Every structure is written in structure tokens, then in C-alpha cells.
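To start, the structure under review is shown below, and the notes come after it.
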Amino acid sequence: QVQLVESGGGLVQAGASLRLSCAASGRTFSDYAMGWFRQAPGKERDVVAAISWSGGSTYYADSVKGRFTISRDNAKNTVYLQMSSLKPEDTAVYYCAADTVPVIRFNLDEYVYWGQGTQVTVSS
């Protein structure tokens, strides 16, 4: 079992930055890839970014490429999502998720463990 707790969401103006954190416990953190997903009202949950077990490989959705950075600190059992140049369309509940394999996968159905989500609201 893996427990995930997100933090760092909030209300910001367009152009601002936020850093989300996701603290993991329950299994060896460095054994598995991690992902950040988001779900806006009335929309499906989509992948935002993902990172391999070592941090050596990363993936970004086209909509956030160049603005968001995913990273992880295996010594602290934490994965981060640094978000810059935020836009109103980034408004969503952001979830971190843990896979059961060390390499990046993109299908949210393959991520077994999920956090409770943190709200990010970007005003124009």
C-alpha cells in the first residue's frame, strides 16, 4: 500500500507560480514512477506530467510543456510539480499518483495509488 498526500494548491492570478508537493509513505518510494494528473469541472482526469523512479525520464502534456516541471526527491519520498506562468485553463484539482512499475506510463488506469487531490485555481 502507498499513501499519498498532496499539498501546495491555492488561488493565484494568471502568470503566477505554485509548487505542488506529494508526500508518499508505505512502500519504497524509489521503486515506482509517479505522475501528476488534473481534473477540471466537467472534464476527464488527464495526465499532466510523469517521472520515472530515478527522475531520469520525464513526460509532460503539451499544454504544460515549458511551464511545468516535475521532480522527485527519493530521500524525502516526495514528488513535486513546479508550475509557472499559470493560466486560467490550468484551474483544476491536481492529483498525484503512484504506479507499480519504475518506468513512465501515461494511462491513468495503470496508476494504482492516488492522493486526495489539491485545488488549483487561476484567476484571469
Side-chain angles (χ1 to χ4, degrees):
Q1 281 284 23
V2 176
Q3 292 78 44
L4 302 172
V5 179
E6 301 102 333
S7 60
L11 170 63
V12 297
Q13 290 188 328
S17 298
L18 276 177
R19 188 176 81 157
L20 305 183
S21 300
C22 174
S25 61
R27 277 180 53 197
T28 303
F29 182 68
S30 58
D31 281 352
Y32 44 88
M34 297 290 296
W36 283 98
F37 296 78
R38 68 185 180 187
Q39 187 167 20
K43 296 189 177 181
E44 294 184 347
R45 191 174 301 187
D46 289 326
V47 62
V48 174
I51 188 166
S52 63
W53 70 277
S54 66
S57 296
T58 56
Y59 165 82
Y60 297 95
D62 287 342
S63 59
V64 306
K65 206 171 290 184
R67 300 187 298 121
F68 290 11
T69 302
I70 189 171
S71 62
R72 65 189 296 162
D73 185 338
N74 287 346
K76 295 183 178 180
N77 292 350
T78 302
V79 63
Y80 305 96
L81 186 68
Q82 178 67 48
M83 306 185 293
S84 303
S85 302
L86 282 162
K87 304 175 181 180
E89 51 264 43
D90 294 318
T91 296
V93 178
Y94 284 70
Y95 300 89
C96 75
D99 204 335
T100 56
V101 299
V103 297
I104 292 174
R105 296 193 291 186
F106 312 110
N107 188 340
L108 65 87
D109 292 334
E110 294 172 320
Y111 285 76
V112 176
Y113 305 104
W114 292 83
Q116 81 287 354
T118 185
Q119 176 71 46
V120 172
T121 304
V122 185
S123 63
S124 58

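This one's a predicted model, so the numbers in the text were calculated from it and none came from an experiment.
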Going through the distances and angles, do V47 and L108 end up as a side-chain contact (heavy atoms from CB on, under 4.5 Å)? CA-CA 7 Å; V47 62; L108 65 87; over 6 Å; no
Indicate if Y113 and M34 have the same hydrophobic cluster label, given that clusters are the connected sets of ILVMFWY residues with side-chain heavy-atom separations under 4.5 angstrom. yes
Heavy-atom donor-acceptor pair, S52 side chain to S57 backbone, under 3.5 Å: yes
Taking a hydrophobic cluster as the set of Ile, Leu, Val, Met, Phe, Trp and Tyr residues connected by side-chain heavy atoms closer than 4.5 Å, whether directly or through intermediates, do L18 and V122 fall within one such cluster? yes
Ring-face cation contact, Y95 with R38, 6.0 Å cut, 45° max: no
Any side-chain heavy-atom pair of V101 and Y32 under 4.5 Å: no
Check the hydrophobic clustering (I, L, V, M, F, W, Y; side-chain heavy atoms under 4.5 Å; chains of links allowed) and say if I104 and W36 are grouped together. no
With the 4.5 Å side-chain cut-off for hydrophobic clustering, are V64 and V120 part of the same group? yes
Hey, does Q82 have a side-chain heavy atom less than 4.5 Å from the side chain of S17? yes
May I have the step-by-step check of salt bridge (Lys or Arg N to Asp or Glu O under 4.0 Å) for D90 and K87, ending in yes or no? CA-CA 5 Å; D90 294 318; K87 304 175 181 180; over 6 Å; no
Criterion side-chain contact (heavy atoms from CB on, under 4.5 Å) on R27 and T100, from CA distance to verdict: CA-CA 10 Å; R27 277 180 53 197; T100 56; 4.3 Å; yes
What I'd like to find out is whether the side chain of F68 reaches to under 4.5 Å of the side chain of L81, using heavy atoms alone. yes
What I want to check is whether the side chains of E89 and T91 have a donor and an acceptor closer together than 3.5 Å. no
Using the ring-ring contact (aromatic ring centres under 6.0 Å, His included) definition, which of the options Y60, F37, Y59, Y111 pairs with F106? Y59
Contacts of Q116 meeting side chain to side chain contact (heavy atoms under 4.5 Å, CB included) (sequence neighbours excluded), chain-then-number -> V5, E6
Should R19 and M83 be marked as a side-chain contact (heavy atoms from CB on, under 4.5 Å) after you check the CA-CA gap, both sets of side-chain angles, and the distance that decides it? CA-CA 6 Å; R19 188 176 81 157; M83 306 185 293; over 6 Å; no
Rounded at 0.5 Å granularity, tell me how far CG in L20 sits from OG1 in T78. 12.5 Å
Check for me, please, whether I51 and L4 land in the same ILVMFWY cluster - side-chain distances under 4.5 Å, paths through other members count. yes
On the six-membered ring of W114, is R45 placed so that its NZ or CZ lies under 6.0 angstrom from the centre and within 45° of the ring axis? yes
With heavy-atom distances below 4.5 Å as the criterion, would you say the side chains of I70 and V79 are in contact? yes
